[in-house]
Number of protein chains: 2
Amino acid sequence: MAGRKHPGDGDTASRILDAAERLVQRRGFNGFSYADVAAELDITKASLHYHFAGKAELGEALIDRYANRFTEALSAIDSRRSDAPAKLAAYANLYTRALRDERMCLCGMLAAEYQTLPQQMQTAVIRFFDDNETWLRHVLEVGSDEGTLSVSGSPSNTARLVISSLEGAMLVARPYGDVARFQAAARQLIASLVARSPAPTA
Amino acid sequence: MAGRKHPGDGDTASRILDAAERLVQRRGFNGFSYADVAAELDITKASLHYHFAGKAELGEALIDRYANRFTEALSAIDSRRSDAPAKLAAYANLYTRALRDERMCLCGMLAAEYQTLPQQMQTAVIRFFDDNETWLRHVLEVGSDEGTLSVSGSPSNTARLVISSLEGAMLVARPYGDVARFQAAARQLIASLVARSPAPTA
DNA sequence: GTCTATAGGCAGATAGAC
DNA sequence: GTCTATCTGCCTATAGAC
């Protein structure tokens with residue numbers, strides 16, 4: 001528990017995951033190699049194979065850790081007892097943070113490369129989107145009940161539209177290197193879901 | 001002008017572009033090789049280099065042809081003299097057609113891989129999105145004037161949101177192999193832009 | 001756990017015959 | 001225009017010393 005030398009520290013497996021995650025989010029799973037990771041960590045390619053048998057196993061571990069962190073982040077949002085619009089804004093903010101570091105959402109990137117991924121990774125990508133949809137659907141349902149949101153489609157379809165729109169806004173904003181472009185899209189998307197008048201219970 | 005043997009025919013350069021386009025839309029620019037294209041056309045890799053000096057040149061030609069066809073499709077939509085909501089639906093339909101063939105939008109795919117692309121391709125990808133934004137902005141402005149659309153944000157930002165949402169909906173729908181998922185998102189997106197009552201001029 | 005060394009394959013690309 | 005043959009380089013992965 002003592003302080004680490006610097007933020008990037010941790011055991012070797014974690015540092016490999018850190019470097020690989022950044023590379024995949026920036027360049028894609030087919031756009032990085034073991035050599036890239038090894039160079040960043042100043043170890044050899046052979047050492048990587050001690051920690052992760054192959055690229056498929058590394059990729060799977062990448063998604064698992066990413067999905068777990070995302071789940072934690074969603075729990076943290078839930079624990080803040082804010083209203084539904086604020087939760088949606090906090091959700092969009094997760095994407096903003098990645099984009100600031102010039103990263104695409106890991107699973108958004110992998111969705112593009114889906115047809116070339118090993119089967120284990122494909123399954124994990126789907127699970128990520130399903131989990132996000134479930135969380136968002138719940139937020140939308142509560143917001144509708146509260147009267148803070150005005151959801152026109154089904155909660156499921158609306159949750160899917162939110163995920164899609166945010167992923168797409170990231171995808172398009174990145175070539176422009178323009179975080180503000182993403183934020184404008186996210187704000188407008190959320191605004192379209194916020195009820196125009198105060199809660200009807202008032 | 002005489003009939004061709006089968007739909008995929010044309011001169012060799014066109015057939016190379018056809019095969020490469022399909023491969024890139026399905027697997028990404030970093031997910032296909034000259035060998036893949038050569039195998040599909042039953043020619044050798046060396047022959048490909050006669051038509052396109054290198055992968056970068058092939059990639060650039062791919063985007064140029066794709067963008068030109070897209071421009072033609074947008075002109076065709078304009079020539080139909082329909083109202084703005086119908087134009088938006090027709091626009092979304094362009095994406096649906098690609099998805100039915102298990103393809104991502106070419107430039108959406110390349111947006112994901114943007115950081116690994118040769119510079120000439122990067123420029124062409126940006127141009128594609130800019131052109132789409134210009135066309136959509138015009139549709140949104142006309143629709144607002146007509147009273148058929150109710151655009152809350154600026155036409156520019158709304159155009160960007162439409163592109164982003166459709167690209168994202170494609171991106172996410174593809175892993176599920178579910179065209180209906182895309183269509184539901186597109187319908188809900190367009191519905192959120194359609195004015196609730198008839199034109200105020202009535 | 002990390003290394004050196006190397007296997008075996010595929011990548012994009014070129015030379016030169018036909 | 002298309003071929004065969006080949007090059008160089010990088011890829012993932014493994015064996016085995018330390």
Side-chain angles (χ1 to χ4, degrees), chain A residues 4-5 8-24 26-63 109-110 113 115-122, chain B residues 4-5 8-63 109-110 112-122 124:
Chain A
R4 287 174 180 149
K5 281 173 207 147
D9 260 21
D11 57 18
T12 304
S14 297
R15 293 174 61 221
I16 293 170
L17 289 171
D18 290 341
E21 186 179 80
R22 212 178 107 263
L23 283 163
V24 175
R26 289 189 180 175
R27 308 175 48 90
F29 191 71
N30 295 325
F32 91 104
S33 72
Y34 265 43
D36 296 324
V37 178
E40 259 187 65
L41 269 62
D42 256 303
I43 58 176
T44 61
K45 290 183 287 170
S47 294
L48 296 181
H49 284 281
Y50 171 81
H51 297 281
F52 301 96
K55 214 185 173 188
E57 288 77 12
L58 172 56
E60 208 188 346
L62 233 33
I63 307 175
M109 180 64 83
L110 296 176
E113 301 176 291
Q115 298 203 359
T116 70
L117 299 180
Q119 205 269 322
Q120 336 149 35
M121 289 183 68
Q122 293 185 334
Chain B
R4 287 171 181 150
K5 281 170 207 152
D9 260 21
D11 57 18
T12 306
S14 298
R15 293 174 62 222
I16 292 170
L17 288 171
D18 291 341
E21 185 179 81
R22 211 178 108 264
L23 284 162
V24 174
Q25 288 185 257
R26 288 188 180 174
R27 308 174 49 89
F29 191 72
N30 296 325
F32 90 105
S33 72
Y34 265 43
D36 296 324
V37 177
E40 261 187 65
L41 268 62
D42 257 303
I43 58 176
T44 60
K45 288 186 289 171
S47 294
L48 296 182
H49 285 280
Y50 171 80
H51 297 281
F52 301 96
K55 214 186 173 188
E57 288 78 12
L58 173 56
E60 207 188 346
L62 233 32
I63 307 175
M109 181 63 85
L110 296 177
E113 300 176 291
Y114 193 78
Q115 297 203 358
T116 70
L117 299 180
Q119 205 270 324
Q120 337 150 31
M121 290 182 68
Q122 292 186 335

With a 4.5 Å limit on heavy-atom distance, are the side chains of [X] and [Y] in contact?
{"X": "A:K55", "Y": "A:F29", "answer": "yes"}
{"X": "B:F52", "Y": "B:L17", "answer": "yes"}
{"X": "B:L58", "Y": "B:Y34", "answer": "yes"}

Quiz item: Does A:T12 make a side-chain N or O approach to OP1 or OP2 of C:dG1 shorter than 4.0 Å?
Solution: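 It does not, given that no N or O in the side chain of A:T12 lies less than 4.0 Å from OP1 or OP2 of C:dG1.
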
Search all heavy atoms of [X] against all heavy atoms of [Y] and return the closest pair with its distance.
{"X": "A:G31", "Y": "A:D36", "result": "O-OD2, 4.3 Å"}
{"X": "A:I63", "Y": "A:M121", "result": "CD1-O, 3.6 Å"}
{"X": "A:L62", "Y": "A:E21", "result": "CD1-N, 3.8 Å"}
{"X": "A:V24", "Y": "A:M109", "result": "O-CG, 3.4 Å"}
{"X": "A:L48", "Y": "A:A38", "result": "CD1-N, 4.0 Å"}

Quiz item: By a strict heavy-atom criterion of less than 4.0 Å, which residues belonging to residues 23-37 of chain B are in contact with DNA chain D?
Solution: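 Going residue by residue through residues 23-37 of chain B, none turns out to have a heavy atom under 4.0 Å of DNA chain D.
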
Quiz item: Got a sec? Which of residues 45-57 of chain A come in under 4.0 Å of DNA chain D, heavy atoms?
Solution: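 Heavy-atom contacts with DNA chain D come from A:K45, A:A46, A:H49, A:G54, A:K55.
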
Quiz item: Just how far, in rounded Å, is P of C:dC3 from CG of A:L41?
Solution: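 Value for this atom pair: 10 Å.
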
